[in-house]
S.K.: 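Here it is, the structure in full.
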Amino acid sequence: MTSSSSSLSAIGSGGGRCGGGGGASSSFANAVGTSLYWNANLSTDKQGNASISVIPPKGSWTISAYAMSNSNQVAQATSSFVSN
């Protein structure tokens, strides 16, 4: 499955159901298909690094990062973590 709409999705969600992000919601839900953070305009520095800071609710999360270069090269990385 290819999903360009999931940035921080609950583990086991399969992603792609809630692009979301950018809203004024003050609470987070660790529900299937929920995006905790989405930023289509995040850019890297000259060394290719970028960072964000979020405080996720308790639970298990999967981070998926998707990138595209100016010459249309694409990449994806995924990692999981538990927030206590």
S.K.: Looking only at heavy atoms, which two atoms of S43 and A50 are closest? And how far apart?
M.R.: O-CB, 3.7 Å
S.K.: Between Q76 and T78, is there a side-chain heavy-atom distance shorter than 4.5 Å?
M.R.: yes
S.K.: Would you mind reporting whether P56 and F81 have side-chain heavy atoms less than 4.5 Å apart?
M.R.: yes
S.K.: What residues form a side-chain contact (heavy atoms from CB on, under 4.5 Å) with S71, not counting sequence neighbours?
M.R.: S69, Q73
S.K.: Could you list the residues that satisfy side-chain contact (heavy atoms from CB on, under 4.5 Å) with D45, not counting sequence neighbours?
M.R.: Q47, N49
S.K.: Rounded to the nearest 0.5 Å, what's the gap from CH2 on W61 to OG on S83? Could you check?
M.R.: 8.5 Å
S.K.: Using side-chain hydrogen bond (donor to acceptor under 3.5 Å, both in side chains) as the criterion, list what pairs up with S79, not counting sequence neighbours.
M.R.: none
S.K.: For S53, enumerate each residue passing the side-chain contact (heavy atoms from CB on, under 4.5 Å) test, keeping only those at least two apart in sequence or located in another chain.
M.R.: none
S.K.: Between N84 and K58, which heavy-atom pair has the shortest distance, and what is it?
M.R.: O-CE, 3.3 Å
S.K.: List in chain and number order the residues that pass side-chain contact (heavy atoms from CB on, under 4.5 Å) with A40, two or more places apart in sequence or in another chain; answer none if no residue qualifies.
M.R.: W38
S.K.: Which value, rounded to the nearest 0.5 Å, describes the distance between L42 atom CG and I52 atom CD1?
M.R.: 7.5 Å
